[in-house]
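What follows is one structure encoded as structure tokens, with my remarks underneath.
Convention: sequence-line order gives letters A, B, ...; per-chain numbering from 1.
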Protein chains: 2
Amino acid sequence: MKINVAVAALAALAQESRLAIFRILVQAGKEGLAAGVLGDQLGVPPATMSFHLKTLSHAKLVKSRTEGRYVIYSANYTEMDKLIAYLTEHCCAGDTTQCAPLKNC
Amino acid sequence: MKINVAVAALAALAQESRLAIFRILVQAGKEGLAAGVLGDQLGVPPATMSFHLKTLSHAKLVKSRTEGRYVIYSANYTEMDKLIAYLTEHCCAGDTTQCAPLKNC
DNA sequence: TTAATATTTCCGTAATAATAGAAATATAGA
DNA sequence: TCTATATTTCTATTATTACGGAAATATTAA
């Protein structure tokens, strides 16, 4: 992952509504959730939700598919893994002993 | 780690100069580097460098100590680990099999 | 003490991001 | 087709962030 891709991914997650969206989508699993459901859960109006979802989409952290008049969003685990791998690599600087072992690994 | 702490940490890293600063400090190790050295390496003027270092400090991603007229900054690995742990947890949603195994773990 | 160097703070400016109402677009169902 | 519902785009406004020169602060060395 290049630095500007990492910056874009970090920026996409560096906003409370968007990080909350991502967390909900991770919990929701592969099936995902419709944009409106996310908006209802977070109390965010449609236009604002669309803005945030677009930001997450551009960073490839979420995927979307259209089902009838619904647009279903789901978390892109692969891209998140790439981001975590990037951070891990640059946190440890090639010397794993410098960092405490990560949980959930 | 609470969501607003995670957002602050992500926001601190979501900027090209600051992510570059952090990477250099990780490479530099525990001894760290003076603010001016960082500014020279990245071609960033003192006031701007100070602004970015303050942002990283507020997010606790870097530590600083004063040595004479130099202020030496160093990476705070512990806080970075907390951020990575937070992201890993919310990436996998308690189900580790959903995520590809991380490198360097 | 005086001059040189290092860093931060102050301040104004420019750029970017967040917000959300209203209109536009698209689909579903009556 | 007509109406209701879902989402996005358009648009304007407000808020936040980035930038960097100049001044202020602090330390060192002569």
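The distance between atom CD of B/Gln15 and atom C1' of C/dT16, rounded to the nearest whole Å, is 12 Å. Between B/Arg65 atom CZ and C/dA6 atom P the separation is 17 Å, expressed in whole Å. The CE atom of A/Met49 sits 10 Å away from the P atom of C/dA20 (whole-angstrom rounding). Residue B/Tyr70 contributes atom OH, which lies 16 Å from atom P of C/dA4 at whole-angstrom precision. Computed from coordinates, the A/Leu53 CG to C/dT19 C1' distance equals 15 Å when rounded to whole Å. Atom-to-atom, NE2 of A/His52 to C1' of C/dA20 comes out at 10 Å; the value is rounded to the nearest Å. Across the protein-nucleic acid pair, A/Phe51 atom CZ and C/dG21 atom C1' stand 16 Å apart, rounded to whole Å.
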Only distances under 3.5 Å count here; give the side-chain donor-acceptor pairs of residues 39-56 of chain B to other protein atoms, sequence neighbours excluded, each with its distance to 0.1 Å.
unit_1: B/His52; atom_1: ND1; unit_2: B/Arg18; atom_2: NH1; d: 3.0
unit_1: B/Thr55; atom_1: OG1; unit_2: B/Phe51; atom_2: O; d: 3.0

Practice prompt. Given side chain to side chain contact (heavy atoms under 4.5 Å, CB included), test A/Thr66 with A/Val71 step by step and report yes or no.
Written response: CA-CA 4 Å; A/Thr66 304; A/Val71 179; 4.3 Å; yes
Fill in: A/Leu87 vs B/Met80, side chain to side chain contact (heavy atoms under 4.5 Å, CB included): CA-CA, chis, key distance, verdict
CA-CA 8 Å; A/Leu87 293 177; B/Met80 185 52 146; 3.7 Å; yes
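Using a 4.5 Å cut-off on side-chain heavy atoms (C-beta onward), A/Leu25 and A/Lys63 make no contact. In this structure, the side chains of B/Leu13 and B/Leu19 come closer than 4.5 Å at one or more pairs of heavy atoms.
For B/Lys54, counting side-chain heavy atoms from C-beta on, the closest listed nucleotide (C/dT8, C/dA6, C/dT9) is C/dT9. Listed nucleotides: C/dA6, C/dT27, C/dG21. Nearest to the side chain of A/Ala47: C/dG21.
Taking every nucleotide of DNA chain D with any atom under 4.0 Å from a non-hydrogen atom of chain B, the first and last of them, 5' to 3', are D/dA18 to D/dT28.
Using a 4.0 Å heavy-atom criterion, one finds that B/Ala34 contacts the sugar-phosphate atoms exclusively. Among the protein residues, A/Pro45 comes within range of the sugar-phosphate backbone only, with heavy atoms under 4.0 Å from sugar or phosphate atoms but none that close to a base.
Across the interface with DNA chain C, nearest-nucleotide mapping of B/Ile72 and A/Gly43 shows B/Ile72 to be the residue nearer the 5′ end.
Side-chain nitrogen and oxygen atoms of A/Arg18 include at least one within less than 4.0 Å of the OP1 or OP2 phosphate oxygen of C/dA18. Applying the 4.0 Å criterion to OP1 and OP2 of C/dT8, one finds that B/Ser50 has a side-chain N or O inside that range.
Judged purely by atom type and a 3.5 angstrom limit, B/Tyr77 uses its side chain to pair as donor or acceptor with the backbone of B/Val26.
In the hydrophobic clustering (ILVMFWY side chains linked at under 4.5 Å, chained through shared members), A/Tyr70 is joined by A/Ile72.
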